[in-house]
Amino acid sequence: MIRALGWVLRRDLLLAFRRRGDVVNALVFFVIVVSLFPLGVGPEASQLRNMAPGVLWVAALLACMLSLARLFAPDHQDGTLEQMLLAGEPLVVLVLGKVISHWLMSGLPLVLMAPLLGLQFDLPADSLAVLCVSLLIGTPVLSLIGSVGAALTLGVRGSGVLVSLLVLPLYVPVLIFGAGSVVATANGTGAEAHLLLLGGFLALSLVLAPWATAAALRIAME
Amino acid sequence: MLEALQLECTRGERRLFTGLSFALSRGQLLRVAGANGSGKTSLLRIMCGLLAPSAGELRWCGKSIRSEREEYSRNLLFVGHLNALKDDLTAVENLQVAAALGGKPADVGRMLAALDCFGVAHCAELPAKVLSQGQRRRVALARLALAPTAPLWILDEPFAALDVAAVVELERLLASHLASGGMVVLTTHQEVAVVAHAVLRVDLDQQTAALLAA
Amino acid sequence: MRTTGRFSWFYFSSPQSFYPLAGALQPWFAGLAAILCAVGLYISFLVAPTDAQQGEAYRIIFIHVPAAWMSMFLYLVMGFWSGVGLVLNTRLSSMVATALAPTGALFTFIALWTGALWGKPTWGTWWVWDARLTSELILLFLYIGFMALQAAIDDQRRSDKAGAVLALVGVINIPIIYFSVKWWSTLHQGASVSMTGAPTMAKTMLLGMLIMALGFWMYSIAATLARVRCVILERERQTDWVAAEIGRQS
């Protein structure tokens, strides 16, 4: 089982490495969206500092969501997804492998990029640190929940927008506590509770999401 | 070993076939025939366990495949219409992933040997996107040459888009698989002389399952 | 499958048997709904005392709160029936779930509208980001997502099952979302601007709300039964009995 997970992970990472453009595009999207907000609301420093946690988290959410299109759809189109369903390994394990590789390619770059963008919004150092940690815990949850949406809309017409409609409401708790942790740090109230709750979401989605995604994939392939 | 009992398939609102029963034993080949749209691919997908029949049951060694899905999948090798190749991976890498997912050893030497069976060993290090359709099909079929192989092969139009040499090689592989006790289910529009102890034929146009002596 | 001579609940699990039952029950529920809503509205608008702080405008709460209750309740019921349809592979359960969604979405919409109508005279704004309204907004998105997913998938069985997975994921998420939004709301909002803090409940007010809630519930059942009948006719249109039924009605 671990061997199969390892191979799925290795395969996806190899593919992402050979198509670096896709990964970079998602990151550039993140940067552009974040940069739009000051252009929209004005460069006043204190206002931007207040907005920063929310803006950065919403942009991360959107970037994650856009990259969901690459999760299952290409495999579905060339028949490799079918073969994964027919592998003798539990589908849940293979799905977990794909989600991990998705996070490594979509979520982790955001975590690494966020501090730089936080500086643009004049966030203090401790806020930046909490921002990174909250994204580090939160982006895997986004990938996990997103995988359910991606599996449900596999091959459906208009699936790009439909996935957003399905998945964004489910992202709300992660957004609230993710951005809230940075706000709490700025207020001095401490972010431990938020980060613990995010950790709780991560644990819950690690257990439930791959199972739901596997069920949705089987339904989609019928 | 593989038994179908009163299989029925309804896609959308069309009933494709009903009351289909057959039994496939070691060394036998089942050919599914029928006009386009008669449900051949659906029947194959039912046999793979990808699609649930609207009625009836499929059994492997006496047990329903629904209850033992992973166990059944381990005994199964499916090559469908789609080649299941990633464009950005080389032929060898594609084959390695396929082998690893099938629980088989994935060392490069074996992959090269399998590719060589179908005459595409020279494509080993080329990404699949630069290969021609026929070469891609041969890389996809090279999975059949990987040892140890699964007992049940389900092939959807395996001979399509193959040149003469590849057809000969595929026939040889099928024959040796059947001779060593394997089972094959396939659809094909071409009349290929495949030697087997017994040949079953399911004709979906008439919904008859007949045992034809070789 | 009918076992002759013995009554079995499973008799009604086939669309063909359920169709006439739904048709027979529906007028009764509709009647009950009308009576209960009339009584509820009478209590709300005429009997319940005027609130000291908010004046007459608070009366909208008698529609707002029951509608919000129903919207959440119906989502759970929808999740339950689609789950049954997914696990037991029964067509009728999935049809009921599909029929419930528009009514649930309607109540969510009513809750949002009445919330806005309450906010304007009381606090001067058409929209308030308090816990209940924000949760209702997200619930509306969940309903719309369910309906959109089912509409986008052409194959009926796949549509039912995918909707079921989505509904079940939603059911698990709703408490999490509600808790998160409530936490967010108490952190950011002052206590003054809150709809969850309703005026202290006089007994008549609570009675009014409960009766309205019951009335809405009866309405939901009646509307769902009517819609399920349409769904059954549409999905089973290839069968003989539906052809006969349509022939009889036209």
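Each chain gets a letter, A, B and so on, in the order the sequences are listed, and its residues count up from 1. Note that the coordinates shown come from a computational prediction; the quantities given were computed from them, not determined experimentally.
- Residue contact with chain A, scored on non-hydrogen atoms closer than 4.5 Å, involves the backbone of B/L85 exclusively.
- Note on B/L51, B/L50, B/I46: by heavy-atom pairs under 4.5 Å with chain A, the leading option is B/L50.
- Looking at B/A140, neither its backbone nor its side chain comes within 4.5 Å of chain A, counting heavy atoms on both sides.
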query: Hey, mind stepping through B/R66 and B/R59 against side-chain contact (heavy atoms from CB on, under 4.5 Å) and telling me if it holds?
result: CA-CA 9 Å; B/R66 298 257 115 199; B/R59 289 200 196 141; over 6 Å; no

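- Heavy-atom distances place no part of B/R136 under 4.5 Å from chain A, backbone and side chain included.
- One finds the CE atom of A/M105 at 11.5 Å from the CG atom of A/L27 (value rounded to the nearest 0.5 Å).
- Between A/R19 and A/D22 there is no salt bridge, since no side-chain nitrogen of the basic residue lies less than 4.0 Å from a carboxylate oxygen of the acidic one.
- Salt-bridge formation is not detected for the pair B/R11/A/E222: no Lys NZ or Arg NE/NH1/NH2 atom is positioned less than 4.0 Å from an Asp or Glu carboxylate oxygen.
- With salt bridges taken as basic N to acidic carboxylate O contacts below 4.0 Å, one links A/D75 and A/K98.
- The side chain to side chain contact (heavy atoms under 4.5 Å, CB included) test with A/V99 is passed by exactly one of A/S147, A/P210, A/S205: A/S147.
- Of the residues considered (B/R45, B/R74, B/E71, B/E70), B/E70 shows the highest number of contacts with chain A, using heavy-atom pairs under 4.5 Å.
- If you measure heavy-atom distances from A/L94 to chain B, the contacts under 4.5 Å come from the side chain alone.
- At a 4.5 Å heavy-atom cutoff, the contact between B/N83 and chain A is made by backbone atoms alone.
- Top candidate by heavy-atom pairs under 4.5 Å with chain A, chosen from B/A84, B/A150, B/G103, is B/A84.
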